[in-house]
Amino acid sequence: MKKKELKELNQETLSPSSYEFWDDFYDSGEGKGESYEWYVNFNQLKNYLLDLIKDGDKILHVGCGNSFLAEDLVEETENIHIEIINIDVCENAINRMNERNKKITNQRVRNSLIYKVEDATETNFNDNQFNGILDKGTADALLSTLDLEQGDNEMVKSLLREMYRLLKYYSGWFVCVSRNVCLEPYFYSDEMTNWNLKRIDLTTNSTKGKGITQVNYIYLAKSLPLSENEN
């Protein structure tokens with residue numbers, strides 16, 4: 001779905017799959033502060049990511065908002081060189097992160113981070129360009145159209161197809177943090193992608209109250225050539 005089409009959504013009931021929702025979220029909503037982390041923070045993801053990352057990796061962080069995830073990851077991997085391109089549809093969030101990046105005193109960290117306005121379902125990057133892709137909540141946002149849907153969610157399918165296009169085969173990895181088990185079938189049901197998928201259940205403390213826990217699903221997907229798709 002293109003930006004023009006998204007703007008035609010009902011303005012009175014903005015969906016998290018719309019551009020307008022995120023403009024409001026980062027302008028005057030919960031994301032107006034210095035940083036907002038969806039679902040889990042870096043320390044909760046760190047061990048999973050460090051097992052995947054190698055020297056020289058080029059990583060894409062989709063739906064980055066004003067998360068410090070990429071910055072924390074570069075700081076943690078001080079013995080290797082990685083580059084992280086962070087993208088979001090919200091220009092406000094990207095502008096703020098670019099301003100923040102200019103003030104980072106550690107030159108290695110500053111030079112390893114790029115922030116760009118891009119639609120994760122239709123980017124301008126080359127095929128098989130990235131060693132890894134990170135997502136915390138973007139797929140879930142696209143699932144939340146607030147519409148009564150029949151069949152598959154086409155926006156989620158577009159996202160996964162684009163992530164598949166951008167990843168290097170075999171070695172490329174996609175870490176997608178979600179709170180929806182209904183996301184899992186999308187990795188298997190599209191003949192235009194071929195994923196090797198593993199789901200990890202990560203239980204964290206909920207912000208809804210003391211003693212309440214929340215299950216997060218880490219989908220770790222490796223891209224395989226379509227020629228190896230048994231289906």
Side-chain angles (χ1 to χ4, degrees), residues 16 22 25-26 29-106 108-120 123 125 130-142 159 162-163 166-167 172-180 183 200 202-207 214-221:
W22 298 109
F25 183 88
Y26 288 109
E30 292 181 81
K32 67 181 180 180
E34 183 181 24
S35 177
Y36 186 90
E37 295 293 344
W38 285 97
Y39 297 166
V40 294
N41 59 40
F42 171 71
N43 285 330
Q44 292 166 319
L45 272 183
K46 179 171 67 174
N47 291 337
Y48 302 102
L49 297 178
L50 295 182
D51 283 344
L52 296 168
I53 293 172
K54 304 182 298 300
D55 186 32
D57 275 357
K58 188 172 185 177
I59 298 168
L60 179 66
H61 180 198
V62 301
C64 64
N66 57 356
S67 168
F68 291 169
L69 175 65
E71 185 178 327
D72 291 340
L73 183 54
V74 174
E75 288 181 350
E76 185 72 22
T77 53
E78 59 183 355
N79 295 323
I80 61 175
H81 172 71
I82 61 174
E83 178 184 64
I84 304 180
I85 298 179
N86 303 270
I87 65 171
D88 201 285
V89 296
C90 181
E91 187 173 356
N92 178 357
I94 293 298
N95 287 342
R96 287 162 57 188
M97 294 308 288
N98 274 319
E99 288 302 312
R100 173 182 171 81
N101 198 43
K102 292 176 183 177
K103 299 175 183 177
I104 295 177
T105 56
N106 185 320
R108 182 188 68 85
V109 174
R110 184 173 67 249
N111 292 343
S112 298
L113 299 171
I114 298 171
Y115 293 89
K116 301 180 64 175
V117 177
E118 288 268 1
D119 183 337
T123 71
F125 302 116
F130 293 96
N131 303 97
I133 298 177
L134 300 171
D135 168 35
K136 287 198 304 168
T138 303
D140 282 4
L142 297 181
L159 174 70
E162 186 68 354
M163 300 302 95
L166 296 177
L167 274 177
W173 48 266
F174 177 30
V175 169
C176 178
V177 182
S178 170
R179 287 185 176 169
N180 283 293
L183 179 62
I200 302 167
L202 175 64
T203 301
T204 58
N205 292 326
S206 173
T207 58
Q214 173 70 57
V215 179
N216 306 273
Y217 305 108
I218 303 175
Y219 294 102
L220 173 56

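Residues take their numbers from the sequence shown, with the count starting at 1.
In terms of heavy atoms, Tyr219 sits closest to Ser178 at CE1-CB, 3.7 Å. Considering all non-hydrogen atoms of both residues, Leu73 and Thr77 come closest at O-OG1, 2.9 Å. For the residue pair Cys176 and Leu183, the shortest heavy atom distance occurs at SG-CD2, 3.8 Å. Taking both residues in full, the closest heavy atoms of Gln44 and Tyr39 are given as OE1-O, 4.5 Å, listed atom of the first, atom of the second, then distance. Minimum interatomic distance between Gly56 and Asn131 (heavy atoms only, all atoms of both residues): O-OD1, 4.1 Å.
Sorted by first and then second residue, the pairs that involve residues 50-75 and meet side chain to side chain donor-acceptor pair (under 3.5 Å), not counting sequence neighbours, are Glu37-Ser67, His61-Asn86, Glu71-Arg100.
Residue Lys46 holds its NZ atom at 5.0 Å from CG of Asn43, rounded to the nearest 0.5 Å. Here Asn101 contributes atom CG and Leu113 contributes atom CG; the two are 5.0 Å apart, rounded to the nearest 0.5 Å. Note: Leu167 CG to Phe130 CZ = 9.0 Å, rounded to the nearest 0.5 Å. To the nearest 0.5 Å, atoms CG (Leu166) and CG (Leu60) are separated by 6.5 Å. Atom SG of Cys64 and atom CD1 of Ile85 lie 11.5 Å apart (nearest 0.5 Å). For the atom pair CG (Asn180) and CG (Asp140), the distance works out to 4.5 Å, reported to the nearest 0.5 Å.
In this structure the side chain of Glu99 never reaches within 4.5 angstrom of the side chain of Tyr115, judged on heavy atoms. Proximity of Asp88 to Glu118: side-chain heavy atoms (C-beta onward) are nowhere separated by under 4.5 Å. Side-chain contact between Val89 and Val117: absent, with no pair of heavy atoms (C-beta onward) separated by less than 4.5 Å. Looking at Leu52 and Val175, their side chains come closer than 4.5 Å, going by heavy atoms from C-beta outward. Annotation: side chain of Thr204 is not in contact with side chain of Val215 (no heavy-atom distance under 4.5 Å). Phe174 is not listed as a side-chain neighbour of Leu220, based on a closest heavy-atom distance of 4.5 Å or more. Counting heavy atoms from C-beta on, the side chains of Leu202 and Tyr48 come closer than 4.5 Å. Ile114 is not listed as a side-chain neighbour of Ile84, based on a closest heavy-atom distance of 4.5 Å or more.
Partners of Glu78 by side-chain contact (heavy atoms from CB on, under 4.5 Å), not counting sequence neighbours, listed by chain and number: Arg108. Scanning for side-chain contact (heavy atoms from CB on, under 4.5 Å) contacts around Asn92 gives Tyr26, Asp27, Cys90, Arg96, with sequence neighbours left out.
The backbone N or O of Lys102 sits nowhere less than 3.5 Å from a side-chain atom of Asn98 that would complete a donor-acceptor pair.
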Exercise. Do Ile59 and Ile53 pass the side chain to side chain contact (heavy atoms under 4.5 Å, CB included) test, and can you show the C-alpha distance, the side-chain angles, and the key distance before you say yes or no?
Worked result: CA-CA 9 Å; Ile59 298 168; Ile53 293 172; 4.0 Å; yes
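A 6.0 Å sphere centred on CD of Gln214 holds more than 12 heavy atoms belonging to other residues, nucleotides or ligands.
Between the side chains of Thr123 and Glu162, a donor-acceptor pair is found at a separation under 3.5 Å.
Not less than 6.0 angstrom separates the ring centroid of Phe68 from the ring centroid of Trp38.
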